[in-house]
Structure formats: structure tokens, C-alpha cells
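For reference, the structure is listed below as C-alpha cells.
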Protein chains: 2
Amino acid sequence: MKSQKRTTIYDIAKKLNLNASSVSRALNNSSNVSEATRELIFKTAKELNYKQNSLASNLRKGHNQTIGVVVPRINQNFFANVIAGIEEITYQKGYNLIICQSNESHAREVKCINTLTNQHVSCIIISVSADFEDDSHLKNIKEQGIQLIQFDRVADQLDTLKVLNDNEQASMEAVTHMIEQGYQRIALLEGPQNLNIFRQRKAGYLAALKKHGIALIPELVMENAWTKELGAEATRKLLNLPNPPDAIFASTSDFSALGVLEIATKMGIRVPEDLGICGYSNEAFTEITSPAITTIDQHSVQMGKTIAKLYFDEAQPNEGNPSANTVNIQPELIIRESTLRKK
Amino acid sequence: MKSQKRTTIYDIAKKLNLNASSVSRALNNSSNVSEATRELIFKTAKELNYKQNSLASNLRKGHNQTIGVVVPRINQNFFANVIAGIEEITYQKGYNLIICQSNESHAREVKCINTLTNQHVSCIIISVSADFEDDSHLKNIKEQGIQLIQFDRVADQLDTLKVLNDNEQASMEAVTHMIEQGYQRIALLEGPQNLNIFRQRKAGYLAALKKHGIALIPELVMENAWTKELGAEATRKLLNLPNPPDAIFASTSDFSALGVLEIATKMGIRVPEDLGICGYSNEAFTEITSPAITTIDQHSVQMGKTIAKLYFDEAQPNEGNPSANTVNIQPELIIRESTLRKK
DNA sequence: ATTTTTAAAGCAATCGATTGCTTTTATTGT
DNA sequence: ACAATAAAAGCAATCGATTGCTTTAAAAAT
């Protein structure tokens, strides 16, 4: 597309026999421009269809009213909602968002970060990819003088602002609830343990068992049952054990819980009477399965808003005091039929 | 945050006793730099943790490897998937995405467009907000020499590239299917008629009726039943008519169809025996309701890919030949239990 | 009427990278 | 050994907006 030259402040200045600096000052409503010329400049700018070139402006000013967001996938409910929450605040402040997805790949995440630092964004908000191992790309952000806020899936060791769900607390509540409903052999579908969130959810599971004096049965803990398919597969194995579980906590996701429910239904096992099921995330569909699935709501939109506000409040990471840098969003246990054995 | 000065090509040049132009050429792998100095420059760049300033680069080069996307809401399945599709292609090409949401507000949409044109993005991809009335902000994009691609919800009158679902065809197929299943009094939940997509879906509904010699019954057409709640409300009214419908085509969304299903269940009306239900969009949950809901898949990820490819193929709108500028994605009718009366 | 003060406008450097053109250095051919 | 050619490096302008400083014009004070 042939890009006909766009009008600049010089074009306006020339037409009005003024200097570009006056035009700039007028358009920015700064001082030292008479009311008369100011109006004239605005009028002419409109006539010539002038649009500011943010590249030039930001280059000169040395900063950029733009925030970068890096998430594993934007078409995942939780992340889409967090972004929606962030956007609500940043929009009010006149900031732009550049949204990148890592597609759960660390290599791609590094590239996203590079792009954003090259753009001189003023802040990067990130939830790391599933194959997270190394945080040097994040350290680099801070070295570039860019604010960094981590959320949900974070690099624990790194001293940055963090906004987290209290995964451990929520998991503990969920498992406690199941125990109180009379379930005794509760299985855990766990996620990759290199991610903090899945470690915490497991910790909550273990804590609940311990609190109630229930011994951990290692064969009831299934690794990496993240998707609906993997959840289904794990469930098949669990239910075929000589001594199968009477409940399954799909700590990885509601999709996984859905897989559990499907297999149970297929095998003629009654939920919640013979098997309790609890998922994680409060995806829309959990409300309408039958039975409806007990799950944990992460208050994702709220989380996004909190993150953005944190930036605008100019909160600074408190070196050497990691806990002071963390904001915890309290998740909420949503109890539904799939774990309600005692009516 | 105190932003310590970042290294520039001048810093590298100074350290190596070279000129900045050589550094620039080396880093861009262009000609006229000896292999030895090229390596030296790369090594030093790494040492000094040099990151290119894209603002400066893009300003000088006069363009920007960035594409802007404006959608009503990113946390809606359809849009999130389209964006995911776009991103897949743009990432391969080394382009960035700036994603904005209009929140279904025209005023906000205008602001988004302004931001993007100020950033000199090379292309804007848009699906307009629900209160669409005026397309002057879109005309302005073309005047700025920026490529414009509309998708799904478009300004019909505007000569731009468009990527659309064939809503009319899909709706006609859906209603035809219902007629073939023996439904005779098919109601329509329609969306705001200022949006092309809802006009087309209605047209498809009308065409199917006509083809089968069924007269339109005006009282079976309900306006603005977009959400689950509104769908439920409309359904309540419909089912309380002296002569109620025996099927409902929720052309607005699957959420609306969900509302239909809930009310029907609540009123003890059997689906699909007494009432057929068809939604639109193939949201994840439609597969797992009971009965599962018949719906229309829009191939949203594919749509996103098509849009992005269109840009990179440098397709140009063909002035005065609107139809040549339109790519139609064929949606797919997904038949499930909610309309299967004849087993 | 003249000096002082203030407001308005202009000048020129700057942000960092790119690029057409010129100069210097190295290489090749005779 | 010297001219011809090619390769490598340097110079300086440019992209468009901003901003500290200076100059000019207008208003106020004496």
C-alpha cells in the first residue's frame, strides 16, 4: 500500500507561518501559546487530518504509555479474563496493551519479552509458560529499567511484584470439604511440578489430608493430567485399581474434571454417590454439566484489575522482603452437586 | 523506576572505535562490513546487553512490523480464537500484535483506532462493536495509508478486504435441518439488525422457511435475545403463547440457546421431542449440556489465519468490485441431540 | 516616554537507528 | 611496482516530536 505522506507538525507550522515547537506546545496544551494561535493550530490540525506520530513522540520522551502482557494462551478463559481486567484499568489511564502469547513455549516467551523490551514498554505483565525452567529473560527486563509484574504462574525466586491466587489455601478448602462429605480415598490429578501453582495445589491437598489424619496413598496421585483427555485416561487407571478412590480432585483444570466425569458416567459410576469430583477454575461449563461440578473460582477479572492498579500505584518490589511484594487474591470454593454426598 | 540509560549503537561504536553506521549495518546483517568487525560488534552488543530501540528504528524506516486488532471483547470464545489464529501467522512473520477491545462501545472503538493509527501500525483488523452506526473512523484508516481488514461484523458499504462467515447459508442449513426433523413452528431469536451478521442469519431463516413453503409467523420472531438471560426471557414468552413454537433457533449465540434449554427444562418441556433448539458458535459447553445442543461452528481459528494470510499476500481491495474483496469461510452445522427428533 | 516585566514565538539540539554518498583501505591484475 | 577495482568504514542528513534556551513583541510600571 502506497503510504501517502502523513501530515506532521511541520506541515501545520508551515501553513500557519509558525514554528513547529509552537505547534507541538499547542497540541500538548502546554504553556506559552496564545489562545488565538492555539485555536488556529487545532483547527488546522483537524483540517489536515493530523495524527500524532507516537513513535517520534515516545522516542523523544524516552517512554511509552504501553504495557506488555505475556500469557501462555489468550483463548483460555482464565487468561482472557485477567487481560480483560487489566485492560479495563489501563484504558482509563490512557495506556495501550500489547498482548503476546507464548503458546506454552519458553523459547517463544523469550522472543515475546525481547519484542516488548525493544518497544520500550513501561511495564511487562507475565504468567510464565508451562515449560518454565529459567528466569534469566525476566531478570533482563528489570535490567532494562522496565517494571515487571508476575501473576499466577511465577518465578518464585525472582524479587518482583507478584499477584497470586492462594492456591494452597483453596485446595486445602476443597479437599477438606470433600473429607467432610465423607470421602476417604481422595485421588489427586496434579500438574507439572515446575510450576508454582501446581506445587501449591498439591501442598494444599497434602495439608488437608494431614489435618484430618489421613495417610497419603501414593498410587492415588496421578501426574500430568492436564487436559480432558489426560484426565479421562488417569481416571480410567484410577477406577480400575483394586482399591479405587472414592473422590478425585482434578487440581489441574476443569477440563480435566470434565474428563473424570465422562469416564465415570461411561463406567456407570454414580457421581457424587460413588465418586466425588472437584475441578479448578470455574469454567463456564462446570455449572451446566450434570451433575454440576464443584470447582474453585479464581476471580480472574478482579485479578487483572489488581495487577494494573499495582502498576499505576507505582508499587515497587521490596528488595529482600519477598512476601511484601506479593498480593494474594482469595479464590473461592464453589460447591456444586458433584461433591455433595450428604444432602 | 529510575531507568538507567540503555546501551545504543553509539555505545558499541565508541567502545570499538567505529562509526554507528557500521554497527547498524552489522547488526542488520547488511553488506559492507567485514566478517571480523561484524563478529566483534555482535560480541560487544551481547556484552553490553544491547537491545534495539524499535521506536527509533521504525521512525526512521517509516513503518512498523505491527498489526492492530480491534474486537468487541477478547474474552469471548469466538474472538479469542480468531486472535489466536491471527497470531499464529503473524508470529511466524515476525510481526507484533496490538490487541484492543472496544467493549461493544463505538466511542471506545474510535479511540482504539486512533491509538493504532498514531502507532503507525501497518494494518488494522477489526470486528465492529454492537452499537455500530457510522464508518467514518474506518474510512480515516485508509486515508492514513494503513491496510484495513474487516471480519465477521463489518461495515458493508466500505470497500475493504473482508473475511466473513456465510451466516445466511449456515442459518438456512440449520433451519432446513430443523424442518426436515419435522419441526413446523420454528421461532427465531434475533440480534441487533444494525449488524450485518444478524441480518444475514435472519435472512437465512427466512429463506429456509420460504423454500419449504412455510409462512413466517411474526410473533415467533423475538428481538434482541442475545444473552443467556435474554434468551431465557424470550423463551418464557414464546412457550406461554396460545400457540407456542415447536423449535427455537437462537441465532444470536449459544448462550442464548442455553437460556432456552434451561427454561424448557424448568417448564418440563422435553428437548428435542417437544422443542428443538439450535444455537450459534459452537461454544465448548454445547457439547456437554444434556441434551447436547445443535449449533454452528464458525471455524474461528481458521478465520484468524485466513485474515493474517490475506495481509501478507498483500491482497488489495478491488475498488468498485466489493464481492471480489470478500473471503467467505464456510461455517459448519454441528447436529446434536437437541434437534434430533427422528432417531 | 522609558524601563521593566511578562507573554509569545523561534532556534537548535536531541531521542536512536538508518542510509545515500564519500573517503579510506585492501586486494587484484598487469 | 603501480594503476584499477573492490571492500570496508566514515560522514551527515533524516524520520517527527519535544524542550531548554534565546529572541522578539506586547503589556505594565515608573
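As the structure is a computational prediction, the values presented were derived from the model and not from experiment. Quick note on labels: first sequence line is chain A, next is B, and so on, each numbered from 1.
Comparing C:dA17, D:dA17, C:dA8 by their nearest atom to the side chain of B:S57 picks out C:dA17. For B:N19, taking side-chain heavy atoms from C-beta onward, the closest of the listed nucleotides D:dC11, D:dT18, D:dA8 is D:dC11. For B:L59, the side-chain atoms get nearest to D:dC15 when compared with the rest of C:dG10, D:dC15, C:dT19. When the nucleotides C:dG10, C:dA17, D:dA9 are ranked by their closest atom to the side chain of B:Y50, C:dA17 comes out on top.
Across all strands shown, A:L18 has heavy atoms under 4.0 Å from sugar-phosphate atoms exclusively, and none from any base. Residue B:N28 is in sugar-phosphate contact alone, with no base atom involved, counting any heavy-atom pair closer than 4.0 Å across all strands shown. Among the heavy atoms of the strands lying under 4.0 Å from B:T37 are primed sugar atoms or P, OP1, OP2 only; no base atom is included. At the heavy-atom level, A:N118 lies nowhere under 4.0 Å from the strands shown. Across all strands shown, B:S21 has heavy atoms under 4.0 Å from base atoms, whether or not it also approaches the sugar-phosphate.
Side chain B:R6 to base C:dG16: no donor-acceptor pair is found below 3.5 Å. The base of D:dG20 is not paired with the side chain of A:R60 by any donor and acceptor separated by under 3.5 Å. In terms of polar N and O atoms assigned as donor or acceptor, the side chain of B:T8 never comes within less than 3.5 Å of the base of C:dC15 in a complementary pairing.
In this structure, the NZ atom of A:K14 is 20 Å from the P atom of C:dA9, given to the nearest Å. For A:R25 and C:dC11, the CZ to P distance is 12 Å, given to the nearest whole Å. Atom CG of A:D11 is separated from atom P of D:dC15 by 11 Å (rounded to the nearest Å). Distance, B:L16 CG to D:dA8 P: 17 Å, rounded to whole Å. Across the protein-nucleic acid pair, A:I9 atom CD1 and D:dT19 atom P stand 11 Å apart, rounded to whole Å.
Of the listed residues (A:E109, A:H106, A:R108), just one forms a side chain to side chain donor-acceptor pair (under 3.5 Å) with A:S129, and that residue is A:E109.
A donor and an acceptor atom, one from each side chain of A:N53 and A:R6, are nowhere located under 3.5 Å apart. Of the N and O atoms on the side chains of B:S122 and B:Y311, at least one donor lies less than 3.5 Å from an acceptor on the other residue. A:N114 and A:N118 share no donor-acceptor pair across their side chains, judged by distance under 3.5 Å alone. No hydrogens or angles considered: a donor-acceptor pair under 3.5 Å links the side chains of A:N19 and A:S21.
Between B:S34 and D:dA9 there is a side-chain polar atom (N or O) within less than 4.0 angstrom of OP1 or OP2. For the OP1/OP2 pair of C:dG10 and a distance below 4.0 Å, the side-chain nitrogens and oxygens of A:S22 include at least one atom meeting the criterion.
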